[in-house]
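Below: one structure, written as structure tokens.
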Amino acid sequence: MSKLKKLTIAAMLVAIQIVLSRFLYIYTPGNLDRLSFGFVPAVLISYLLGPVYGGLSAVVADVLGMLLNSAGLAFNPIFTIIAGLKGVVFGLLLYKKELTLKRIALTFVLTTICFELGLTPIALMVYYGSAFKAVVIAKIPVQIFFCVVKIASMYLISKPLLKALDKYSEK
């Protein structure tokens, strides 16, 4: 695949990611978490183009998303770094691999534990002075639920989506 085609795919998916993450989301009670389907394009970029494109695209989506709709929050580079790391991990676990239920589940369980329940509460602690333990305890039920939603939705859409992408790439 040419670099131009890779950049085009990444740019289109970043645009979709921004719309899903910054404009079509819900906050959990207490505004502890923002839930959206912005993970789908992020995973697709990493799956199709690899960890480097996945990480860089996540950083671009985070920065552009903040510029377009910060949702009243201040820019925090720690969250941008976390987004980039998540894109890299998606790429390391999924790039050039079959999207089986086991692989998808492993990916989302690992990223939920490492990022949503690990690095994000640390960033909240550093940035806002939040108590790490209290944030993690409050986030656990929401993240378990959303992890299941991510696994199920990614598994259900992966096969038809990849089939459509294969048809498109043949042209």
Scanning both residues in full, the closest heavy-atom pair of Ser36 with Leu24 reads CB-O, 3.6 Å
- Evaluate side-chain contact (heavy atoms from CB on, under 4.5 Å) for Tyr155 paired with Leu99, printing each intermediate quantity in order. CA-CA 7 Å; Tyr155 181 71; Leu99 290 180; over 6 Å; no
Counting C-beta onward and ignoring hydrogens, is there a side-chain heavy-atom pair between [X] and [Y] closer than 4.5 Å?
{"X": "Leu35", "Y": "Val142", "answer": "yes"}
{"X": "Met154", "Y": "Leu44", "answer": "yes"}
{"X": "Cys114", "Y": "Val89", "answer": "no"}
{"X": "Met1", "Y": "Ile9", "answer": "yes"}
{"X": "Ser158", "Y": "Ile104", "answer": "yes"}
{"X": "Tyr25", "Y": "Asp33", "answer": "no"}

_Quick one, Gln17 with Arg22, criterion side-chain contact (heavy atoms from CB on, under 4.5 Å). Give me CA distance, side-chain angles, the key distance, then yes/no._
CA-CA 8 Å; Gln17 183 179 355; Arg22 300 293 176 161; over 6 Å; no
What distance separates [X] [atom1] from [Y] [atom2], expressed to the nearest 0.5 Å?
{"X": "Leu124", "Y": "Lys139", "atom1": "CG", "atom2": "NZ", "answer": "6.5 Å"}
{"X": "Leu85", "Y": "Leu92", "atom1": "CG", "atom2": "CG", "answer": "10.5 Å"}
{"X": "Leu48", "Y": "Leu94", "atom1": "CG", "atom2": "CG", "answer": "10.5 Å"}
{"X": "Thr111", "Y": "Leu117", "atom1": "OG1", "atom2": "CG", "answer": "10.0 Å"}

From the list Ile82, Ile81, Thr80, side chain to side chain contact (heavy atoms under 4.5 Å, CB included) with Ile78 holds only for Ile82
Determine the sole option in Val43, Val148, Val149 for which the side chain to side chain contact (heavy atoms under 4.5 Å, CB included) test with Phe108 is passed.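 Of all the options given, the one that passes is Val43.
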**OP:** Begin with the C-alpha distance, continue with both residues' side-chain angles, and end with the deciding distance and a verdict on side-chain contact (heavy atoms from CB on, under 4.5 Å) for Tyr47 and Leu162.
**Re:** CA-CA 10 Å; Tyr47 171 76; Leu162 293 176; 3.3 Å; yes
- prompt: Within a radius of less than 6.0 Å around CZ of Phe145, do more than 12 heavy atoms belonging to other residues, nucleotides or ligands occur?
  reply: no
Examine distances only and state if a side-chain atom of [X] and a backbone atom of [Y] form a donor-acceptor pair shorter than 3.5 Å.
{"X": "Thr112", "Y": "Gln143", "result": "no"}
{"X": "Thr8", "Y": "Leu4", "result": "yes"}
{"X": "Ser46", "Y": "Gly87", "result": "yes"}
{"X": "Lys150", "Y": "Val40", "result": "no"}

Trace of the side-chain contact (heavy atoms from CB on, under 4.5 Å) decision for Ile18 with Phe23 | CA-CA 8 Å; Ile18 290 170; Phe23 297 101; 4.3 Å; yes
- Message: Can you classify the ring geometry of Phe37 versus Phe39 as parallel (below 30°), tilted (30 to 60°) or perpendicular (above 60°)?
- Response: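 Rings of Phe37 and Phe39: tilted, 30 to 60°.
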